[in-house]
Amino acid sequence: VQARRLTPFQAQMLETDRSEMLKVGPCIIVDRLGTGITSETYLAEITARHERCVLKRIHVVSEQLDAATAGLQELVQRLSTISHPSIAGPFTVQRQQNDLFALSPYIAGPHLGELLIRRGRFDPHVVAAMARQLLDGLCLLEKGGGVHGDILLSNVRCMNTGRIVLVDTGITPVI
């Protein structure tokens, strides 16, 4: 960790019996971003491209695994035809045992829940500008036959450029 070859999260994983989880498909897990009821979200790096991404490990019951895999693969296909700077969703899906792994672009910046806690209420003009960005992306998504299905403050990221990005697009309705 001191030599900056490992993150504290990676060192912690190596000390436990979960060290095999550091490599998933083409990715090395760098840090944990969050945990939900049916999923865990990690910051990862695609080793061949040295590119950061988000890896979402989704736990699915075995009876629904085939349907969820097919649904996520269809989502990836649909999202590949939709390009909007305010929409980020999975670009590939992998299956390992009873888990699905969805890789999505990494959007640097805090989510709106963090900003609300740090800064308090937003000015109405700021809220309107954010809403316009999201609605523009959501309209394009709907025209392409998709839905987000999980619009939460924690799924809306604010980049340092001021761009608002809706992450985890389409995953919840499929699962």
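These numbers come from a predicted model, not from an experiment. In what follows, every heavy atom counts, from backbone to side chain, and hydrogens, waters and symmetry copies are set aside.
- Listed here is the closest heavy atom pair of R118 and P110: NH2-CB, 3.8 Å.
- Here the CD1-CG distance, from I28 to L43, works out to 12.5 Å after rounding to the nearest 0.5 Å.
- Atom CD1 in I46 sits 5.0 Å away from atom SG in C27 (nearest 0.5 Å).
- In summary, of the residues considered (I175, V60, T92), a side chain to side chain contact (heavy atoms under 4.5 Å, CB included) with L72 occurs for I175 alone.
- In this structure, Q73 CD and Q77 CD are separated by 10.0 Å, a value rounded to the nearest 0.5 Å.
- A single hydrophobic cluster is seen to contain both L141 and I151, as judged by linkage of ILVMFWY side chains at heavy-atom distances under 4.5 Å, directly or through other members.
- Shown here is E142, whose CD atom has no more than 12 heavy atoms of other residues, nucleotides or ligands within 6.0 Å.
- The side-chain heavy atoms of D150 and D168, taken from C-beta on, include no pair separated by under 4.5 Å.
- With hydrogens and angles disregarded, a donor-acceptor distance shorter than 3.5 Å links the side chain of T169 to the backbone of A88.
- Between L115 and L112 there is a side-chain heavy-atom pair separated by less than 4.5 Å.
- With contacts defined as side-chain heavy-atom distances shorter than 4.5 Å, the pair P26/R49 does not qualify.
- Nearest heavy-atom pair, L100 versus A68, reported as atom, atom and distance to 0.1 Å: CD1-CB, 3.7 Å.
- At distances below 3.5 Å, not a single donor-acceptor pair connects side-chain atoms of R57 with backbone N or O atoms of E40.
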Please list every donor-acceptor pair under 3.5 Å in which a side-chain atom of residues 121-138 meets a protein atom from a residue at least two apart or in another chain.
from: D123; atom 1: OD2; to: H125; atom 2: N; distance (Å): 2.9
from: Q133; atom 1: OE1; to: R163; atom 2: NH1; distance (Å): 3.3
from: Q133; atom 1: OE1; to: I164; atom 2: N; distance (Å): 2.7
from: D136; atom 1: OD2; to: H84; atom 2: NE2; distance (Å): 2.8

Practice problem: Assess whether side chain to side chain contact (heavy atoms under 4.5 Å, CB included) is satisfied between I58 and I171, documenting all intermediate values. | Solution: CA-CA 10 Å; I58 306 163; I171 294 175; 3.9 Å; yes

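- G89 and L79 get closest at one heavy-atom pair: CA-CD1, 3.7 Å.
- In this structure, V165 and P85 approach most closely via the heavy-atom pair CG2-O, 3.4 Å.
- Hydrophobic clustering keeps F91 apart from L140 (ILVMFWY residues linked when any side-chain heavy atoms are closer than 4.5 Å, directly or through intermediates).
- For the atom pair OG1 (T172) and CG (L152), the distance works out to 7.5 Å, reported to the nearest 0.5 Å.
- Rounding to the nearest 0.5 angstrom, the gap separating the CD1 atom in I29 from the CZ atom in F101 is 7.0 Å.
- Within the 4.5 Å cutoff, the side chain of N155 has heavy atoms near those of the H148 side chain.
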Practice problem: Show your reasoning for whether salt bridge (Lys or Arg N to Asp or Glu O under 4.0 Å) applies to R52 and D31. | Solution: CA-CA 11 Å; R52 293 258 165 131; D31 201 1; over 6 Å; no

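- Looking at heavy atoms from C-beta onward, L153 lies in side-chain contact with L116 at the 4.5 angstrom threshold.
- Between R95 and D66, at least one side-chain nitrogen of the basic residue sits less than 4.0 Å from a carboxylate oxygen of the acidic one, meeting the salt-bridge criterion.
- How far CG of L55 is from CD of E45: 13.0 Å, rounded to the nearest 0.5 Å.
- Minimum interatomic distance between C53 and L103 (heavy atoms only, all atoms of both residues): SG-CD2, 3.9 Å.
- When atom types are taken as modelled, the side chain of N98 and the backbone of L65 share no donor-acceptor pair closer than 3.5 angstrom.
- The heavy-atom pair separating I107 from M159 by the smallest distance is CG2-CG, 3.7 Å.
- Using a 4.5 Å heavy-atom threshold, the side chains of V167 and V54 count as separate.
- Counting heavy-atom neighbours within 6.0 Å of Q96 CD, excluding the residue itself, gives a total above 12.
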